[in-house]
Amino acid sequence: MPLMQGNVDRIGNFEERTLASHNRERAALGIPPLRWDEDLAADAALWAQHLVSKGYLEHSPSDPNDWDPQGENLWAGTAGHYSAEAMTGLWIAEKKNFKPGIFPANSRTGNLEDVGHYTQLMWRSSGKVGCALAQGRRDEFMVCRYSEGGNVMGERPF
């Protein structure tokens with residue numbers, strides 16, 4: 001009998017698969033799971049559309065009057081080529097550069113950009129996440145928003 005392969009839609013059930021990717025990694029270290037939040041996902045969708053219009057990654061500006069800012073992870077790649085798990089997986093892959101300690105001294109390379117997505121994804125006090133994907137002509141942009149925001153100076157990520 002020939003081997004049959006199922007065709008898995010690369011972004012079908014995006015919300016569930018993205019949340020599961022986050023929570024598998026958190027569970028591996030005993031960190032409580034995130035819950036999906038539609039308000040965070042709506043905020044993420046607005047910023048993802050903004051990134052499509054810009055055509056490049058940039059973090060949303062911080063509001064100095066916001067006492068509880070959202071955390072944010074960004075991803076960009078060639079449209080139609082990456083699964084939901086692959087997008088999140090690029091952030092998770094940063095764990096190879098992670099070292100325990102007080103944020104921001106968590107990078108083995110000395111460069112916070114080498115671990116910042118991972119630490120936000122794993123931040124122990126973050127309880128909710130919402131993500132969105134937007135497609136431009138050539139690229140896709142994924143934005144995940146977290147509450148409470150992580151990567152707080154002077155705190156341990158987990």
Side-chain angles (χ1 to χ4, degrees), residues 2-60 69-100 103 106-109 111-151 156-158:
L3 180 63
M4 302 289 280
Q5 279 189 303
N7 183 10
V8 177
D9 183 352
R10 69 179 189 86
I11 58 169
N13 300 318
F14 174 79
E15 294 87 358
E16 294 86 358
R17 290 168 58 191
T18 302
L19 180 62
S21 292
H22 279 73
N23 285 336
R24 270 192 302 276
E25 190 64 27
R26 292 170 67 91
L29 294 180
I31 300 170
L34 296 171
R35 295 177 319 282
W36 190 263
D37 184 273
E38 289 298 332
D39 291 335
L40 291 172
D43 288 348
L46 290 172
W47 195 251
Q49 284 300 324
H50 170 79
L51 296 178
V52 165
S53 70
K54 287 289 207 182
Y56 57 87
L57 291 177
E58 68 176 0
H59 280 285
S60 59
Q70 297 173 355
E72 180 179 72
N73 273 346
L74 306 177
W75 174 92
T78 304
H81 286 37
Y82 295 89
S83 69
E85 292 82 4
M87 295 173 203
T88 308
L90 290 172
W91 300 334
I92 293 169
E94 292 178 1
K95 71 182 170 184
K96 70 181 177 292
N97 294 318
F98 176 80
K99 68 177 183 179
F103 189 85
N106 297 111
S107 176
R108 293 184 194 285
T109 67
N111 186 350
L112 179 58
E113 291 181 9
D114 292 339
V115 297
H117 301 100
Y118 177 70
T119 52
Q120 174 56 81
L121 187 146
M122 300 296 284
W123 202 264
R124 181 175 296 281
S125 58
S126 294
K128 299 183 287 186
V129 65
C131 305
L133 185 65
Q135 185 170 330
R137 288 186 319 161
R138 292 186 306 236
D139 297 316
E140 287 177 319
F141 296 90
M142 182 171 76
V143 176
C144 286
R145 294 285 180 89
Y146 302 83
S147 180
E148 109 184 4
N151 293 351
R156 287 188 182 275
F158 51 89

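Since we're looking at a predicted model, the values are computed, not measured.
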Hey, does the side chain of [X] reach the backbone of [Y] with a donor-acceptor pair shorter than 3.5 angstrom?
{"X": "Arg145", "Y": "Ala132", "value": "no"}
{"X": "Glu72", "Y": "Ser60", "value": "yes"}
{"X": "Asn151", "Y": "Gly71", "value": "no"}
{"X": "Trp47", "Y": "Glu58", "value": "yes"}
{"X": "Arg35", "Y": "Lys128", "value": "no"}
{"X": "Trp91", "Y": "Leu74", "value": "yes"}

Exercise: identify the closest heavy-atom pair between [X] and [Y]:
{"X": "Asn73", "Y": "His117", "answer": "ND2-O, 3.1 Å"}
{"X": "Cys144", "Y": "His22", "answer": "SG-CE1, 4.0 Å"}
{"X": "Gln49", "Y": "Ala134", "answer": "NE2-CB, 3.3 Å"}
{"X": "Gln120", "Y": "Ser126", "answer": "NE2-OG, 3.3 Å"}

**Message:** Within the structure provided, determine whether Gln70 and Leu40 are in side-chain contact (heavy-atom separation under 4.5 Å).
**Reply:** yes

**Phe141 and His50, any side-chain heavy atoms less than 4.5 Å apart** = no

**Prompt:** How are the rings of Trp123 and Phe103 set to each other: parallel, tilted or perpendicular (split at 30° and 60°)?
**Reply:** perpendicular

**Partner of Asp114 under side chain to side chain donor-acceptor pair (under 3.5 Å), chosen from Thr109, Asn97, Asn106** = Thr109

